[in-house]
Amino acid sequence: MEKRVYEDFDGYDEMVKEIEVSRKYGVNHSAATHEADQYIRLLHPARLKLEVADIRDISPTTKLFRLVSRDRYLPPFQPGQYIALHVEAEGIRTARPYSICSSPNQTAFYEIAVRRVPGGLVSNHLLDRVERGTQLEASGPAGNFYFNPLFHDPTMVLVAGGSGVTPFRSMVLETLESALDRTIHLFYGSKTAEELLFHDEFLDLSDKYERFHYIPVLEEPPAGSTGAEGFIKGTTVLDAVGDVEGRTFYLCGPRAMYDFCIPELEALGVRRRKIRTEVYGAPLKVWETPGWPASVKPGDTFRVSLEGGGAFETRAAEPLLSAMERAGILVPSLCRSGECSMCRIRVVDGRVFQPPGVPVRKSDRRFGYVHSCVTYALEDLRIAF
Amino acid sequence: MERFDAIVVGAGNGGLTAAAGLAQKGLKVLLLERHNIPGGCATSFCRGRFEFEVALHQLSGMGSPEKPGPLRMALESLGVLDHVEPIEMTDLYSVLMPDGFRLALKAEKEATVLLLQERFPAERDAVEKFFDLCYRFANELISAFYFKDPDTSRDKYPVLYEYAFKPACEVLEGFFKDRLLKAVLSVYWGYIGLPPTRMSFAYLALLFFTYMEFKPYHFKGGSQALSNALIHRFLSNGGTVRFNCGVEKILVQEGRVRGVLTEHGDRYEADHVVSNVSQILTYVELMEPEHVPGGVFREMRGRSLSPSAFTLFIGLDCEPGAVGITETTNFLLDNLDFSDRVLNQMQALDIEDQLLVLSCYDVADPEFSPSGACQLNLVTLKYGEAWLRVPPTRYFETKYRVAESMMRRVEDIFPGVRAHVEELDVATPMTHMRYLGHPFGAIYGWEMYPKDTMFFQPGRLSPIEGLYFASGWSGDCGFQPTLEAGMSAANAIYQKISGE
């Protein structure tokens, strides 16, 4: 066999010896692979196999579901994170994210609260069809709405609207149970008193713990009520927290609440980087979003054809992801609010609408990739994924 | 069962160029990727108004349109350059210490030599000789191997013959007395993964040569822009890609590749399969044991896993200058220790005084982040194993504790940076493991001791006929080597097919 050039290089013999020794005493890397893989599964299981252990009414429209694991393990999560429940409702396989509202100090169960939404495919399915013992599947915990000790202030101002209070319950429970060195002000906006979720529990906790302040704000307060009313205004917040410096603000609720509260907070001098917002689904009336073309009506229907064969119909007001699911096409999804990019697909041909501010990578925009959970057809389309 | 000329498993750098190269030659190619997006390491993610670059710090081998480097020529040949905007960085790197020491080297040999001579007058001659040596080494290596000189000899290539297997540290010690200077000149070990005591001088010389001759580069939109452009070329040439489609098995029959089986149960046939997956996973997970030749495990036993990384992705609500950042690439140095202690630091969970690299892409490209904002990619190398000892229930608090000590190191150099933080995400070795699938999150594939360097790598070939490797595991690691690895796998397959 011909001698290779580098065999004459200085030190070649030592290299050969080293290689021999390493092979003799080296390790079997396949074991390492399994070990590490096992650890990842403990943190980020691909799928959770759940069972409903208990269901409780917590308001006239809302039920609390307690979920346990069928394989007896639930991964740890950061308070504020959600799981996406996978269900088949009315013959459609789909998924919806629900914030975990139980304490992270135990993972014997997760709790989620489900409020009835008029026409809500999944919420109605969960409220009407699911009972104790029903088996469900979910994603592992996900999402970026949580306390980050590296740059968030230990005084947390939580602003909730409606069922947006769910991630905050988990944050409050963790802080109080673990005696964390944090102060929490929870402002909770609701239409009526009876729709306040966990109201008695929050009242009770605020009595017990000085570091927890609970301020419900009702749009339609009962006669004789002395509490805050209307929307959550800047002045309401300032009155309670004293100073906006050294506080981090967390908002979770419907878009209208963000549209109202963020300018109110900014008017108080709160910097944008101090305001954290949780994603809250696709816009309810996307056709009212700035930039929606007047020529397209919400009910207009378009044909979407798939690269590689197949086609389906969609309505202009319907996210492409939902239309695909109705057509029986499975696309992975997680946040369903435009943030996580799990449902990324490519629009090959045709005009679509994407609400402003959806975080799509710059080069994805350039090559026509969209987050299908917040993308709407404005004409007939061709897509690929 | 659908039949293809070639199937590529994994859409990381090597998989993308392999697929794009094969499709361009008119072959029928299927590219399978378990994630929903191409790129592997070469990707980005969005948080708030930021799009964070994950892995690319300084792209080597690009060169300018007037003086193209090997990578530019390769990307040009794939037709990718019409779809990306390369951005040249003028600075090589800056070294910063908490005592106020600051030194910014330029990506230009003469300027850097002058600058170092001014700063270290006692080492005047040595500085010049050292860079001459790096250049001579690189030039000799290129003419002997890249241009395949049929007639090599010690007389013709004296530097190559003498220095090819020497550790970097030994060479630096031979040239310099000043500990600070030695530390400044060895920080690129962070791009290789082994401290100067263990890293091959060959790589240090090649890094200086390629960055000075062809300049460090980045892309508008980050490395994801390159990945997307490669997929675009692949699709334009008729390629088929399936995202969210992991490969369960590579099918082998009588010692040769027959196709693949996906996680969804679909089978695809092909006589040629390119694995963009590590050899470990390819042989252990993707194949039945009876198909794997024993020699490959023996070969792998002799190798060790490179470190993973602990990374902070930081979005600031100000321009870089507002917190004192003036260079794109910054090595934060806490001490001048030049010993094997660095290996211990990399094995430990916590970050104390080890080398950090902080890249601020907005210095070279003010449009990288939104107007008036900038992003930092802050990395240190860590072996993944220590993280397996952290109970999952303590994973988050441990992650923040380690990140906190890293932030303090940054504040030592750039005080006031924390007051501008708008977004901050942390990636541990477990995060890298989760997304890359590399054992222990090893970001550089196999470790590159001199015994593992270019001359001793198994490369793209496998004893299994029809199986090719193209990744940071099949040769040198980094963007340029992996992109080139895919190109050569494509060429090898094309030659094989057209020869038949």
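Order of the sequence lines fixes the chain letters, A, B, ..., with proteins taken first and strands second; residue numbering starts at 1 for each chain.
No donor-acceptor distance shorter than 3.5 angstrom exists from the side chain of Arg242(B) to the backbone of Phe385(A), with no hydrogens or angles considered. Between the Arg361(A) side chain and the Cys46(B) main chain, no donor and acceptor come within less than 3.5 Å of each other. One N or O on the side chain of Lys362(A) and one on the backbone of Phe368(B) form a donor-acceptor pair closer than 3.5 Å. Remark: the backbone N or O of Ser153(B) is not paired with any side-chain donor or acceptor of Asp8(A) at under 3.5 angstrom. Formation of a donor-acceptor pair under 3.5 Å by the Arg344(A) side chain with backbone atoms of Asn36(B) is found in this model. Judged by distance alone, the side chain of Arg301(B) and the main-chain N or O of Val27(A) form no donor-acceptor pair under 3.5 Å. In this structure, Arg418(B) contributes its side chain and Leu150(A) its backbone to a donor-acceptor pair below 3.5 Å. Put simply, the side chain of Tyr39(A) gets close to the backbone of Val390(B): a donor and an acceptor are under 3.5 Å apart.
In this structure, chain B has a heavy atom under 4.5 Å from the side chain of Leu43(A), while its backbone stays farther away. For a residue to count as touching a neighbouring chain, one of its non-hydrogen atoms must lie under 4.5 Å from one of that chain's; by this rule His438(B) does not touch chain A. Within the 4.5 angstrom heavy-atom criterion, only side-chain atoms of Glu51(B), from C-beta onward, approach chain A. Heavy atoms of Gln279(B) lying under 4.5 Å from chain A are absent altogether. Phe145(B) touches chain A through its side chain: at least one heavy atom from C-beta onward sits under 4.5 Å away, while N, CA, C and O do not. Proximity to chain A (any heavy atom under 4.5 Å) is shown, for Leu388(B), by both the backbone and the side chain. There is no contact between Ala144(B) and chain A, counting heavy-atom distances below 4.5 Å. Neither the backbone nor the side chain of Glu397(B) comes within less than 4.5 Å of any heavy atom in chain A. Contacts of Leu160(B) with chain A are made by both backbone and side-chain atoms, with heavy-atom separations under 4.5 Å. For Thr152(B), the part lying under 4.5 angstrom from a heavy atom of chain A is the side chain only. Neither the backbone nor the side chain of Phe297(B) comes within contact range of chain A, judged by heavy atoms closer than 4.5 Å. Only the backbone of Pro391(B) comes within contact range of chain A, with heavy atoms under 4.5 Å apart. If you measure heavy-atom distances from Ser227(B) to chain A, you find no contacts under 4.5 Å at all. When heavy atoms are compared at a cutoff of 4.5 Å, Ile37(B) approaches chain A by way of both its backbone and its side chain. Proximity to chain A is absent for every atom of Asp149(B), based on heavy atoms less than 4.5 angstrom apart.
Remark: Arg434(B) does not engage Asp37(A) in a salt bridge, criterion side-chain N to carboxylate O under 4.0 Å.
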- Could you go through the ring pair (Phe, Tyr, Trp, His ring centres under 6.0 Å) check for Phe456(B) and Tyr6(A) one step at a time? CA-CA 10 Å; Phe456(B) 306 105; Tyr6(A) 56 84; 5.6 Å; yes
- Item | Step-by-step ring pair (Phe, Tyr, Trp, His ring centres under 6.0 Å) determination, Phe9(A) to Tyr163(B) | CA-CA 8 Å; Phe9(A) 290 179; Tyr163(B) 286 92; over 10 Å; no
- Message: Before you tell me yes or no, could you show the steps for Arg154(B) and Asp10(A) under salt bridge (charged side-chain N to carboxylate O under 4.0 Å, His left out), namely the whole-Å CA-CA distance, both residues' side-chain angles and the distance that decides it to 0.1 Å?
- Response: CA-CA 10 Å; Arg154(B) 187 178 286 271; Asp10(A) 292 354; 2.8 Å; yes
- Message: Set out, in order, the CA-CA distance, both residues' side-chain angles and the distance that settles side-chain hydrogen bond (donor to acceptor under 3.5 Å, both in side chains) for Asn144(A) and Arg47(B), then state yes or no.
- Response: CA-CA 8 Å; Asn144(A) 308 305; Arg47(B) 286 286 181 275; 3.2 Å; yes
- Item | Test log, rule side-chain contact (heavy atoms from CB on, under 4.5 Å), inputs Phe367(A) and Leu235(B) | CA-CA 11 Å; Phe367(A) 290 105; Leu235(B) 294 172; over 6 Å; no
- Task: Please report the C-alpha distance between Arg276(A) and Glu423(B) in whole Å, then the side-chain angles of each, then the deciding distance to 0.1 Å, and finally whether the salt bridge (charged side-chain N to carboxylate O under 4.0 Å, His left out) criterion is met.
- Result: CA-CA 10 Å; Arg276(A) 326 296 308 173; Glu423(B) 298 292 341; 2.8 Å; yes
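Inter-residue side-chain proximity for Phe45(B) and Ser341(A) is flagged as unmet; no heavy-atom pair is nearer than 4.5 Å. Considering only heavy atoms from C-beta on, Asn148(A) comes within 4.5 Å of Tyr400(B) through its side chain.
Most heavy-atom pairs under 4.5 Å with chain B: of the set Glu20(A), Arg366(A), His29(A), this distinction falls to His29(A). When each of Lys220(B), Arg303(B), His83(B), Met407(B) is checked for heavy-atom pairs under 4.5 Å with chain A, His83(B) comes out on top.
With values rounded to the nearest 0.5 angstrom, Arg365(A) atom CZ is found 13.0 Å from Asn228(B) atom CG.
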